Amino acid sequence: MYRRVRVLLVEDEEIHRVVARAVLRAAGVEVDEAENGAEAVRRVRERVTGGAYDLILTDKQMPVMDGHEATRQIRAMGVATPIVAVSSDALPSDVQAFIAAGADDFTPKPLTKEKLGHILSKFGLA
């Protein structure tokens, strides 16, 4: 359905990773996973020189490093990859905090086929 896209999924809760992984793989997307923000920053740093991600999907509340801080650190590395927050915290203030941290968009959990299609289309990845 979509061209081969490489996505980093940043999510600490297994059930949300399982759901998102299924939606992403069904769309033909290649998925790497990180269970917290610190791991996400490390994975992005490793990929800067060899095959960067096309899209980063990140949760907000995670152990070690949250999604806001991970987003700030990824942006501080000069990475322009689209970052989309996928979170249960969907109040306007939550969305604005993610955008202020450097995220490009926000979608409430759970990730669905329709939401993924919209995200991929918005960033020219469909």
Side-chain angles (χ1 to χ4, degrees):
M1 182 175 183
Y2 301 106
R3 72 173 181 83
R4 197 65 172 170
V5 173
R6 178 175 285 153
V7 173
L8 177 61
L9 173 64
V10 189
E11 171 61 65
D12 63 317
E13 293 186 37
E14 178 68 21
I15 187 63
H16 292 297
R17 278 198 316 275
V18 167
V19 170
R21 182 186 315 129
V23 169
L24 289 161
R25 288 188 177 156
V29 172
E30 183 179 326
V31 184
D32 283 349
E33 298 178 21
E35 292 186 19
N36 61 63
E39 186 180 345
V41 170
R42 179 183 58 77
R43 286 180 174 271
V44 169
R45 186 177 294 118
E46 290 170 355
R47 288 254 182 218
V48 167
T49 55
Y53 292 107
D54 298 302
L55 177 67
I56 299 168
L57 301 175
T58 185
D59 187 23
K60 175 187 170 190
Q61 295 182 26
M62 297 177 287
V64 184
M65 181 188 295
D66 70 15
H68 293 162
E69 183 59 26
T71 299
R72 280 190 284 277
Q73 289 192 23
I74 290 167
R75 291 297 185 229
M77 289 188 278
V79 174
T81 300
I83 299 175
V84 177
V86 183
S87 179
S88 299
D89 299 330
L91 294 174
S93 59
D94 297 317
V95 174
Q96 186 51 43
F98 248 118
I99 301 302
D104 297 286
D105 202 357
F106 180 96
T107 192
K109 284 182 181 173
L111 185 65
T112 63
K113 177 182 174 184
E114 292 75 22
K115 290 176 186 176
L116 178 62
H118 173 76
I119 293 165
L120 294 175
S121 292
K122 179 174 182 171
F123 295 106
L125 300 171

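Keep in mind that this is a model prediction, so the values were computed, not measured. Position 1 is the first residue of the sequence; numbering continues from there.
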- Would a 4.5 Å heavy-atom cut-off, applied to side chains only, mark L120 and L55 as touching? yes

- State the OG-NZ distance between S88 and K60, to the nearest 0.5 angstrom. 10.5 Å

- Query: Which heavy atom of R21 sits nearest a heavy atom of L9, and at what distance?
  - Reply: N-CD2, 4.2 Å

- Please lay out, stage by stage, how E69 and R72 fare under the test salt bridge (Lys or Arg N to Asp or Glu O under 4.0 Å). CA-CA 5 Å; E69 183 59 26; R72 280 190 284 277; 3.2 Å; yes

- Query: Is there a donor-acceptor pair closer than 3.5 Å between any side-chain N or O of D66 and the backbone N or O of Q61?
  - Reply: no

- Message: For Q73 versus M65, what's the shortest heavy-atom pair and its separation?
- Response: NE2-CE, 3.3 Å

- Task: Check the hydrophobic clustering (I, L, V, M, F, W, Y; side-chain heavy atoms under 4.5 Å; chains of links allowed) and say if V23 and V5 are grouped together.
- Result: yes

- Message: Starting from V31, can I reach V19 by hopping between I/L/V/M/F/W/Y residues whose side chains sit under 4.5 Å apart?
- Response: no

- Item | Heavy-atom closest contact (A38 atom, V64 atom, distance) | CB-CG1, 3.6 Å

- Item | Main-chain N/O of E35 paired with E39 side-chain donor or acceptor, under 3.5 Å | yes

- Message: Please give me the minimum heavy-atom distance between D104 and T81, naming the atom from each residue.
- Response: OD2-O, 3.8 Å

- Task: Working to the nearest 0.5 Å, report the span between OH of Y53 and CD of E30.
- Result: 8.5 Å

- Side chain of R75, backbone of V79: donor and acceptor closer than 3.5 Å? yes

- Rounded to the nearest 0.5 Å, how far apart are CZ of R17 and CD of E33? 6.0 Å

- With sequence neighbours excluded, tell me which residues meet ring pair (Phe, Tyr, Trp, His ring centres under 6.0 Å) with H16. none

- Query: Which pair of non-hydrogen atoms, one from P108 and one from A90, has the smallest distance, and what is that distance?
  - Reply: CB-CB, 4.3 Å

- Message: With clusters defined by side-chain heavy atoms of hydrophobic residues (ILVMFWY) lying less than 4.5 Å apart, directly or transitively, does F123 cluster with F106?
- Response: no

- Message: Can a donor-acceptor pair be found, under 3.5 Å and without considering hydrogens, that links the side chain of R4 to the backbone of G28?
- Response: yes

- Query: Which atom names give the shortest non-hydrogen contact between G102 and T71, and what distance separates them?
  - Reply: C-CG2, 3.6 Å

- Message: Measuring only between side-chain heavy atoms, which start at C-beta, is P82 closer than 4.5 Å to D105?
- Response: no

- Message: Among L8, V10, L111, which residue satisfies the side chain to side chain contact (heavy atoms under 4.5 Å, CB included) criterion with L57?
- Response: L111

- Task: Nearest 0.5 Å please: distance from the CG atom of N36 over to the OG1 atom of T58.
- Result: 9.5 Å

- Query: Once you round to the nearest 0.5 Å, how far does CD1 of I83 lie from CD1 of I74?
  - Reply: 4.5 Å

- Note on the structure: Rounded to the nearest 0.5 Å, the OG atom of S121 sits from the CG atom of L116 at a distance of 9.0 Å

- Query: With F98, which residues qualify under ring pair (Phe, Tyr, Trp, His ring centres under 6.0 Å), at least two apart?
  - Reply: H68

